[in-house]
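Since the structure is predicted, the reported quantities are computational estimates derived from the model, not experimental observations. When reading the values below, keep in mind they use all heavy atoms of this one structure, side chains included, and skip hydrogens, waters and symmetry mates. Residues: numbered from 1 along the sequence shown.
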Amino acid sequence: MISNPIHKVAVIGAGAMGSQIAMVCALQGYPVFLNDLKEEQLQQAKEELEKRMRRSVEKNRLTEQQVQEAFDHLTMGTSLSDVHDADLVIEAVVEKLDVKRSLFKQLDEITAPGAILATNSSTIVSSKIADATSRPEQVCNLHFFNPPLVMELVEVVKGPHTSEDTAQRAFQFVKSINKTPVMLQKEISGFIANRILGKLMDEAVFLLENGYATHEEIDTVCTKALNHPIGPFSLMDLTGLDVNYFVRMQRFEESGDEADRPAKIVEEKVNKGELGRKTGKGFYQYS
């Protein structure tokens with residue numbers, strides 16, 4: 001019997017990941033509070049979610065009633081204190097360790113003693129964050145994939161500090177929102193999917209930087225020969241080249257291995273503000 005079932009969810013960070021995670025939970029009937037420091041980011045998230053939900057209704061994936069009920073379950077605000085009654089808090093802010101540690105310290109002080117504090121980080125393991133709180137046994141990684149409204153898998157990562165009860169509560173919660181959970185019994189940077197994907201992306205960048213083929217041709221090989229739904233360069237544009245950069249920098253700072261540094265071509269694009277779809281240009285141009 002799992003103790004303290006989850007009744008209310010809070011998501012911190014209203015970017016593409018956080019806002020969609022919040023909507024995934026709201027669609028399954030959970031009361032959800034979506035928090036962000038910036039009011040304009042919350043407004044942008046609301047508009048983007050409304051647009052996505054309209055498309056889902058048009059394609060008969062959801063009914064008007066389901067969408068309306070989901071928005072009724074979703075509230076937004078800039079005050080972090082409004083997460084005080086959440087049973088599960090999912091952090092989806094920038095991939096910077098100091099930012100996450102500071103946030104988890106605040107969440108520890110605000111939330112109820114039994115609340116789970118989870119990070120959606122795709123690379124920073126929760127053991128690097130847990131000791132910023134007084135409840136390390138209730139801290140874990142809960143890694144959704146982009147875009148959360150579409151992707152089925154969620155990696156539940158149990159750190160050495162994470163209690164079995166917390167891991168099982170998180171695992172069952174993922175099931176309850178109609179996602180497929182996979183439990184990692186030990187933490188490792190990048191987890192499973194991104195470690196495998198990272199090897200593919202490294203090779204794709206190597207082939208591009210050394211002139212073997214264009215990024216369009218490499219993407220075509222991956223989609224037509226390997227049957228991937230999207231090529232590695234299109235995927236980097238979708239998730240954001242800045243996200244790729246921050247993830248690789250975090251890994252490099254941890255390992256000191258030059259092979260873990262961000263690719264030069266990615267660093268150049270980030271420095272030019274070419275971050276992918278969200279800026280209109282990355283490896284591809286977007287209208």
Inset, instruction - For side-chain contact (heavy atoms from CB on, under 4.5 Å), just list the numbers for D87 and V9, CA-CA rounded to whole Å, side-chain angles, deciding distance to a tenth of an Å, and then say yes or no. - result: CA-CA 6 Å; D87 304 300; V9 179; over 6 Å; no
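- With 3.5 Å as the limit, one finds a donor-acceptor pair spanning the side chains of S121 and E95.
- Panel note: side chain T279, backbone G276; a donor-acceptor pair is recorded below 3.5 Å.
- Judged purely by atom type and a 3.5 angstrom limit, D219 uses its side chain to pair as donor or acceptor with the backbone of F233.
- With 3.5 Å as the limit, one finds a donor-acceptor pair spanning the side chains of R135 and T111.
- Side-chain rings of H143 and F145 approach one another, their centers coming within less than 6.0 Å.
- Note: H215 and Y284 have perpendicular aromatic rings, judged against thresholds of 30 and 60 degrees for the angle between ring planes.
- Among R52, E48, M151, the one residue that satisfies the side chain to side chain contact (heavy atoms under 4.5 Å, CB included) test with Q20 is R52.
- Summarising the local packing, CD of Q44 is surrounded by 12 or fewer heavy atoms from other residues, nucleotides or ligands at distances under 6.0 Å.
- Both cation-pi conditions hold for K269 and F283: the charged atom is under 6.0 angstrom from the six-membered ring centre and inside a 45 degree cone around its axis.
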Inset, instruction - Under the salt bridge (Lys or Arg N to Asp or Glu O under 4.0 Å) rule, what do D257 and R251 come out as? Steps first, then yes or no, please. - result: CA-CA 9 Å; D257 186 345; R251 190 174 296 175; over 6 Å; no
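- The environment of K8 atom NZ is dense: over 12 non-hydrogen atoms of other residues, nucleotides or ligands sit within 6.0 angstrom.
- Here E164 pairs with K158 in a salt bridge; the nearest charged N to carboxylate O distance falls below 4.0 Å.
- A continuous path of hydrophobic side-chain contacts links L142 to I177 [ILVMFWY only; heavy atoms under 4.5 Å].
- Other residues, nucleotides and ligands contribute over 12 non-hydrogen atoms within 6.0 Å of the CD atom of Q185.
- Taking a cutoff of 4.0 Å between a charged side-chain nitrogen and a carboxylate oxygen, K179 and E152 do not qualify as a salt bridge.
- Under a hydrophobic-cluster definition in which Ile, Leu, Val, Met, Phe, Trp and Tyr are linked whenever side-chain heavy atoms come within less than 4.5 Å, directly or via other members, L103 and I116 are assigned to different clusters.
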